[in-house]
Amino acid sequence: MEAADPSCGIACCDAHNHLHDPPLQGCFDMEPGGAPLPRISAMVVNGTHPGDWDAVGAVAGPPGTRILRAYGIHPWRVGRLPPHWEQQLRARLRAGAASVGEIGVDHWIEPRDERLQIDVFERQLALAAELRLPPSIHCVRAWGLLLDILRAAPPLPRGFLVHGFGGSRETLFEILDLGGHVSFSAYAAHPRRQRAREAIRACPADRLLAETDAPDMVPPAAVCRYPLAAPDGAPLHHPAEIATATAFLAETRGEPLPLLAARIEATFEALFGRPADSHTGSISD
Ligand SMILES: [Zn+2]
C-alpha cells in the first residue's frame, strides 16, 4: 500500500516558500486529500515586494514548525517600487529576518527592464553582505549574468542559496565555488527537468537543500500527495509537499531518506541559523 506521508514521519525543512500568499491561507488547517501532514521542522517564507512584507511578518505556520522570514524584491516586481524601498528593506531585515529573498535576475519574463533588475538585485546583495544574511536567489535563463554579478558583489559571509536551481552542471559547480547552496522541489520530477535531476545527483550533500516554492512550481500530479487548487481550479503547490521533495531528492540520489533528511536539516541550520540564533533575526556576529 502506498505510504500516505512520503517522508514517513521524518522531519523536513523547506528552504524556500511563500506561505503568506493568500491562496495558501488555511492550507494546514486540514489534512489535504486525507493524507497525514508531514513533520516540517522549519521553513523560510519569502516576500517578493514591499506590498507583501507585512504578510510575511505576520504569517503563522503549522504547529511545531519554526518560521524563518525573508524579505526582498523579486526580479518580476522591480517596477514601481516606492522611493525609499532600500531603507524600508533594511529596517525589515534588521527587525528580524533569516534571509534576503526572494531576489535575483530573470531573462524569461517579458517585458523586462534588465538594467533595473540588475540594479535592484545588486543593491539587495549589498544589504545581504552588510547585514550578514544569506540571500535566496531566483534565476531563470540568466546564469551568465548571475555569475558575473555574484563575482563582483561584496563577499557574502554566510553564503547564499540559488533556489529552484535549473542551470547546467557547469553552472552548478561555479555556484558551489562561489560558496553557494542550491535547492530543489519535486517540480524537478517533471520529465523535461532532466538537467535539474542531473544537478541533484551531482551536488555535494552539504550544499543541497529541499524546497517547495509553494504555491508556485507545481510538481507532476502523479507525485503530488497534497492536492490543492485555487478557486478557479488551477493547481497550487501545497507546502506540505516538502515531504515529497525530500523523498524525491533521496530517490534521485539513491540515498536513504533518513540520512538525507538529517543532512538537509544540518545544512539548512548552517545556512539560515539554528533555532537559538536565527529565528529572532539576530544579525550580530
Ligand atoms: Zn519563490
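Counting convention: from 1, in listed order, for ligands and their atoms alike. Since we're looking at a predicted model, the values are computed, not measured.
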Subject >> Main-chain N/O of R192 paired with H190 side-chain donor or acceptor, under 3.5 Å >> reply: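 Such a contact is absent between H190 side chain and R192 backbone.
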**OP:** List for me each residue that meets side chain to side chain donor-acceptor pair (under 3.5 Å) alongside T171, sequence neighbours excluded, and say none if there are none.
**Re:**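 Once residues adjacent in sequence are excluded, the partners of T171 under the side chain to side chain donor-acceptor pair (under 3.5 Å) criterion are S168.
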Subject >> Listed partners of D216 passing side chain to side chain donor-acceptor pair (under 3.5 Å), at least two apart >> reply: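 Counting only residues at least two positions away or on another chain, D216 forms no side chain to side chain donor-acceptor pair (under 3.5 Å).
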Original post:
Pairs in or reaching into residues 107-119: which pass salt bridge (Lys or Arg N to Asp or Glu O under 4.0 Å), with residues at least two apart or in two chains?
Top reply: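 Non-adjacent pairs meeting salt bridge (Lys or Arg N to Asp or Glu O under 4.0 Å): E110-R112, R115-E122, D119-R123.
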Subject >> 2.8 Å cut-off (strict), protein N, O or S atoms about the Zn ion (ligand 1) >> reply: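 Count of protein N, O, S atoms less than 2.8 Å from the Zn ion (ligand 1): 4.
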**OP:** Check the side chains of E102 and H18 for a donor-acceptor pair under 3.5 angstrom, ignoring hydrogens and angles.
**Re:**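 Per modelled atom types, H18 and E102 side chains form a pair under 3.5 Å.
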**OP:** Classify the ring geometry between Y71 and W53 as parallel (under 30°), tilted (30 to 60°) or perpendicular (over 60°).
**Re:**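 Perpendicular.
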